[in-house]
Structure formats: C-alpha cells, structure tokens
Amino acid sequence: MGYEVILQAGCGACHTISSIPGARGKIGPSLDNFKDRAMIAGVLSNSSDNLIRWIQNPVAIDPKTAMPALGLYQQQARDVAAYLYSLVSG
C-alpha cells in the first residue's frame, strides 16, 4: 500500500527512492536507507510514530520546511512509513 501512496502523492518529484520508478527528485533528501537514519528532517528522532506525524503535517513540526502537507490520511501515512522502513539497504 505504501508504494501506491508514494506514487499517487508524487513523493518522487522531490525525493529519490530507488524502488519507485521515476522517483529521482533532488529537492528533498533521498529516502533510500531511511531506517538507518538517526533523525527525520533533522528535527525528530527516527521512529515510526514520528515519521507518520511528519508525513501528515511537516509544517506543524518545522515551519521552515520545504515539505508540504500532502493531505494524507493517518492510514496512508502509516503505509508510507511502513514502506520506507521496509527498504533494504543496498
């Protein structure tokens, strides 16, 4: 499900995600190896709950972020988080 949400939301316009066709954006960081990071956007510790919060409303956490709120429902954000954490380091 997270794969489909990422495609529909257009995450690849800003982020590189090797497993998503066409996801080669350079505005935001690469999301490859996401589970290996200590922080989310440099402001939150890397946990599933924090990532879900970030995906749903990044501006509420960091008003200066370039990442927009995408209007995703809680379950969609949960699916995206699960997908990102499932990616295997290459």
Side-chain angles (χ1 to χ4, degrees):
M1 296 293 291
Y3 178 92
E4 291 84 9
V5 175
I6 288 169
L7 283 173
Q8 292 170 356
C11 301
C14 294
H15 298 282
T16 296
I17 311 167
S18 297
S19 59
I20 304 289
R24 300 290 177 259
K26 302 290 183 195
I27 295 169
S30 169
L31 298 180
D32 291 337
N33 303 319
F34 187 83
K35 67 181 176 187
D36 296 333
R37 296 180 185 188
M39 302 292 289
I40 297 168
V43 296
L44 295 171
S45 62
N46 190 352
S47 72
S48 183
D49 287 341
N50 281 341
L51 181 55
I52 291 164
R53 286 178 43 226
W54 177 260
I55 291 168
Q56 284 196 281
N57 196 355
V59 176
I61 296 166
D62 180 2
K64 294 182 179 182
T65 186
M67 183 164 162
L70 299 172
L72 299 180
Y73 297 110
Q74 173 111 7
Q75 186 59 53
Q76 291 172 307
R78 188 176 306 280
D79 291 343
V80 169
Y83 182 80
L84 292 176
Y85 285 121
S86 77
L87 298 177
V88 177
S89 300

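- Between the side chain of N50 and the backbone N or O of L44, no donor-acceptor pair lies under 3.5 Å.
- Of the possible donor and acceptor atoms, none in the side chain of Q56 sits under 3.5 Å from a partner among the backbone N and O of R53.
- Note: I6 CD1 to S19 OG = 7.0 Å, rounded to the nearest 0.5 Å.
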Take S30 and I17 through the test side chain to side chain contact (heavy atoms under 4.5 Å, CB included) and record every step on the way to the result.
CA-CA 6 Å; S30 169; I17 311 167; over 6 Å; no
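- Side chains of Q74 and I52 form a contact here, defined as non-hydrogen atoms less than 4.5 Å apart.
- Partners of S86 under the side chain to side chain contact (heavy atoms under 4.5 Å, CB included) rule, at least two apart in sequence or in another chain, are Y83.
- Residues A69 and P58 approach most closely at CA-CD, 4.0 Å, considering heavy atoms.
- H15 contributes no side-chain N or O that, together with a main-chain N or O of L31, makes up a donor-acceptor pair within less than 3.5 Å.
- With a 4.5 Å cut-off on side-chain heavy atoms, N46 and M39 do not count as touching.
- Although no hydrogens or angles enter the test, the distance criterion places a donor-acceptor pair under 3.5 Å between the side chain of D32 and the main chain of S18.
- Interatomic distance, D79 CG to Y3 OH, rounded to the nearest 0.5 Å: 15.0 Å.
- With E4 contributing its side chain and M1 its backbone, the two residues share a donor-acceptor pair below 3.5 Å.
- Using a 4.5 Å cut-off on side-chain heavy atoms (C-beta onward), P68 and V59 make no contact.
- The structure places SG of C11 at 7.5 Å from CD1 of I55, a figure rounded to the nearest 0.5 Å.
- Here the side chain of T16 pairs a donor or acceptor atom with the backbone of G25 at under 3.5 angstrom.
- Here the side chains of W54 and M67 are in contact, with some heavy-atom distance below 4.5 Å.
- Contact detail for A9 and L70: the closest heavy-atom pair is CB-CD1, 4.2 Å.
- In this structure, Y85 contributes its side chain and S47 its backbone to a donor-acceptor pair below 3.5 Å.
- Counting only heavy atoms from C-beta outward, the side chains of I61 and N57 never approach each other to under 4.5 Å.
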L51 and L84: side chain to side chain contact (heavy atoms under 4.5 Å, CB included), yes or no, with the steps?
CA-CA 10 Å; L51 181 55; L84 292 176; 4.2 Å; yes
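- The shortest distance between side-chain heavy atoms of C14 and K26 does not fall below 4.5 Å.
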